[in-house]
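Shown next, in structure tokens, is the structure this report addresses.
What you see below is based on every heavy atom in this structure, not just the backbone, and it leaves out hydrogens, waters and symmetry mates. Each chain gets a letter, A, B and so on, in the order its sequence line appears, and its residues count up from 1.
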There are 2 protein chains.
Amino acid sequence: MDDYQDYRLFQELSLLLDHADRLVLRQFRLNTLQYNALLLLNPDEGWRLTDLSERLLCERSTVTRLVDYLESEGLISRSPDPGDRRSQRVTLTAAGIARRREAQAAIEEAIRRRFSVLSRDEERHLIAMLKRLRAIVSAEIEATSHEANNTAP
Amino acid sequence: MDDYQDYRLFQELSLLLDHADRLVLRQFRLNTLQYNALLLLNPDEGWRLTDLSERLLCERSTVTRLVDYLESEGLISRSPDPGDRRSQRVTLTAAGIARRREAQAAIEEAIRRRFSVLSRDEERHLIAMLKRLRAIVSAEIEATSHEANNTAP
DNA sequence: TCGCAACAATTGCATACGCAACAAATTGCG
DNA sequence: CGCAATTTGTTGCGTATGCAATTGTTGCGA
């Protein structure tokens with residue numbers, strides 16, 4: 001019934017969370033996307049930029065610039081893919097590991113504080129609901145993209 | 001315990017919802033913020049730009065440009081505040097009402113589809129949780145701002 | 001083997017937004 | 001009353017990101 005008001009609430013909460021995270025991560029010279037990238041990367045097996053963009057739900061060009069920045073900070077390194085000269089492999093450096101550890105401690109502490117208002121049962125319910133909503137919205141976006149492509153078959 | 005994974009899920013869902021909305025609103029030449037502004041405005045009593053910025057959780061300068069755009073589209077009009085010559089009052093035009101009606105129909109239909117996966121009971125729980133989280137995060141941001149201001153008392 | 005479609009990454013351009021500096025108007029305090 | 005502090009809206013600048021075009025690479029089919 002009141003889907004719409006729920007939704008506005010969701011939207012507002014997203015904004016607030018984003019803003020709060022930004023304030024925490026700024027101390028480590030990272031934005032949210034850069035931080036999420038650091039969480040995925042590791043020192044051993046390198047990620048391809050295209051795979052990163054799919055995982056991070058952003059454009060490849062955005063990943064190019066994100067990797068440029070993290071590389072300039074010395075947190076990651078690009079290396080050519082042994083099997084495909086089109087690809088680059090991105091791995092975490094020692095400095096990257098250190099920066100990630102610091103940022104992660106700060107962010108996780110903030111998140112723990114926020115979510116501590118929920119009981120374990122509520123938390124479990126929340127996860128289940130979010131997962132179902134995610135599936136629905138993913139499908140919606142998928143359908144809309146196809147729709148756009150189908151205008152000239 | 002697994003607050004962190006919950007949070008990542010929340011974050012991802014926010015991104016997806018935002019993207020899906022963007023696709024819907026693009027048909028009406030509106031972005032999310034512009035649409036939310038149209039929802040607040042009405043033809044009778046005008047909003048001040050500063051009040052809009054507080055309500056929309058964005059900077060005053062952003063509202064200036066948002067109002068510039070909506071005005072150029074003929075959807076709203078600025079008029080001087082009778083009681084304070086610094087202020088402008090923003091009201092909805094007939095074209096604005098029409099555009100809002102169309103966009104709102106499309107967006108609400110999309111939202112209804114998404115939230116239809118939840119039962120009424122789940123929905124009620126979700127709202128309650130989101131509200132509590134919102135309160136927490138608002139307080140966090142508030143505290144962080146004060147902290148920043150208190151560096152030189 | 002050649003040609004061509006698909007793919008990886010990059011670059012250029014446009015848009016959206018926050019932050020800081022600013023001018024004009026208003027308020028408040030001595 | 002008069003001047004300093006505050007408030008309102010605007011503008012300039014920097015950053016983040018999407019989309020489209022481009023370059024180089026791969027692989028497949030005639």
Side-chain angles (χ1 to χ4, degrees), chain A residues 11 14-16 18-26 28-37 46-73 76-90 141 144-145 148-149, chain B residues 11 14-16 18-23 25-26 29-37 46-73 76-90 141 144-145 148-149:
Chain A
Q11 222 180 12
S14 306
L15 269 178
L16 289 171
D18 222 55
H19 190 63
D21 285 349
R22 198 173 295 271
L23 292 177
V24 173
L25 290 175
R26 176 174 299 173
F28 307 100
R29 285 204 302 254
L30 296 172
N31 69 24
T32 312
L33 194 62
Q34 289 155 1
Y35 172 70
N36 285 331
W47 279 70
R48 300 185 328 144
L49 302 207
T50 296
D51 293 338
L52 271 178
S53 85
E54 283 180 14
R55 187 65 161 69
L56 295 171
L57 299 174
C58 69
E59 289 293 315
R60 286 199 306 273
S61 60
T62 301
V63 173
T64 293
R65 291 181 277 247
L66 176 149
V67 167
D68 284 346
Y69 172 74
L70 294 179
E71 196 176 28
S72 77
E73 289 273 303
I76 60 159
S77 68
R78 279 180 168 98
S79 46
D81 185 306
D84 189 336
R85 276 181 301 171
R86 291 173 302 181
S87 290
Q88 309 259 354
R89 294 288 176 163
V90 179
I141 291 176
T144 310
S145 313
N149 294 341
Chain B
Q11 221 180 11
S14 305
L15 269 178
L16 289 171
D18 222 55
H19 190 62
D21 285 348
R22 199 173 295 271
L23 292 177
L25 290 175
R26 176 173 298 173
R29 285 205 301 256
L30 296 172
N31 69 22
T32 312
L33 194 62
Q34 289 155 2
Y35 172 69
N36 286 331
W47 279 70
R48 301 185 328 141
L49 302 207
T50 296
D51 294 337
L52 272 178
S53 85
E54 283 180 14
R55 187 64 164 69
L56 295 170
L57 299 174
C58 69
E59 289 293 316
R60 286 198 308 269
S61 60
T62 301
V63 173
T64 292
R65 291 182 274 250
L66 176 150
V67 167
D68 284 347
Y69 172 74
L70 294 178
E71 196 176 28
S72 78
E73 289 273 304
I76 61 160
S77 68
R78 278 180 169 98
S79 45
D81 185 306
D84 188 333
R85 278 179 299 173
R86 290 172 303 181
S87 290
Q88 310 258 353
R89 294 289 175 163
V90 179
I141 291 176
T144 310
S145 312
N149 292 342

Between A:D84 and B:R78, the residue closer to the 5' end of DNA chain D by nearest nucleotide is B:R78
Hey, are A:R89 and A:D51 close enough for a salt bridge, meaning a charged N less than 4.0 Å from a carboxylate O?
-> no
What are the atom names and distances for every N/O pair under 3.5 Å that joins the protein to nucleotides 12-16 of chain C?
unit_1: C:dG12; atom_1: O6; unit_2: A:R65; atom_2: NH1; d: 3.3
unit_1: C:dG12; atom_1: O6; unit_2: A:R65; atom_2: NH2; d: 3.4

Between C:dT10 atom P and A:R85 atom CZ, what is the distance in whole Å?
-> 16 Å
Taking the side chain as every heavy atom from C-beta outward, state whether A:V67 and A:Q88 have any atom pair closer than 4.5 Å.
-> no
Heavy atoms from other residues, nucleotides or ligands near CZ of B:R22 exceed 12 (cutoff 6.0 Å) | no
Let me know, please, whether B:R89 or A:T62 comes out on the 5' side of the other along DNA chain D by nearest nucleotide.
-> B:R89
Between C:dA9 atom P and A:D81 atom CG, what is the distance in whole Å?
-> 8 Å
Given atom CG of A:L49 and atom P of C:dC7, what is their separation to the nearest angstrom?
-> 17 Å
Starting at the 5' end of DNA chain C and moving along, which residue's nearest nucleotide shows up first, A:T64 or A:R26?
-> A:T64
Would you indicate what A:S87 reaches in the nucleic acid, counting non-hydrogen atoms under 4.0 angstrom: base, sugar-phosphate, or nothing?
-> sugar-phosphate
A:C58 vs A:V63 side-chain heavy atoms within contact, under 4.5 Å = yes
Touch class at under 4.0 angstrom, heavy-atom based, for B:R60 against every strand present = base
Students should find that the nucleotides of DNA chain D closing off the region near chain A, any atom under 4.0 angstrom from a heavy atom, are D:dA16 to D:dT26
Is any side-chain heavy atom of A:L57 less than 4.5 Å from a side-chain heavy atom of B:H19?
-> no
What's the CG-P distance between A:D68 and C:dA8, to the nearest Å?
-> 18 Å
Using a cut-off of 4.0 Å on non-hydrogen atoms, how would the nucleic acid contact of A:T50 be classed: base, sugar-phosphate, or nothing?
-> sugar-phosphate
Whether B:Q34 side chain and B:N31 backbone form a donor-acceptor pair below 3.5 Å | yes
Please list, chain by chain and in numerical order, all residues satisfying salt bridge (charged side-chain N to carboxylate O under 4.0 Å, His left out) with B:E73, sequence neighbours excluded.
-> B:R29, B:R99
For B:S87 against B:R48, the heavy-atom pair lying closest together = OG-NH1, 3.5 Å
Side-chain contact, heavy-atom cut-off 4.5 Å: A:L49 with A:L66?
-> no
Whole-Å distance, A:R86 CZ to C:dA5 P, equals 16 Å
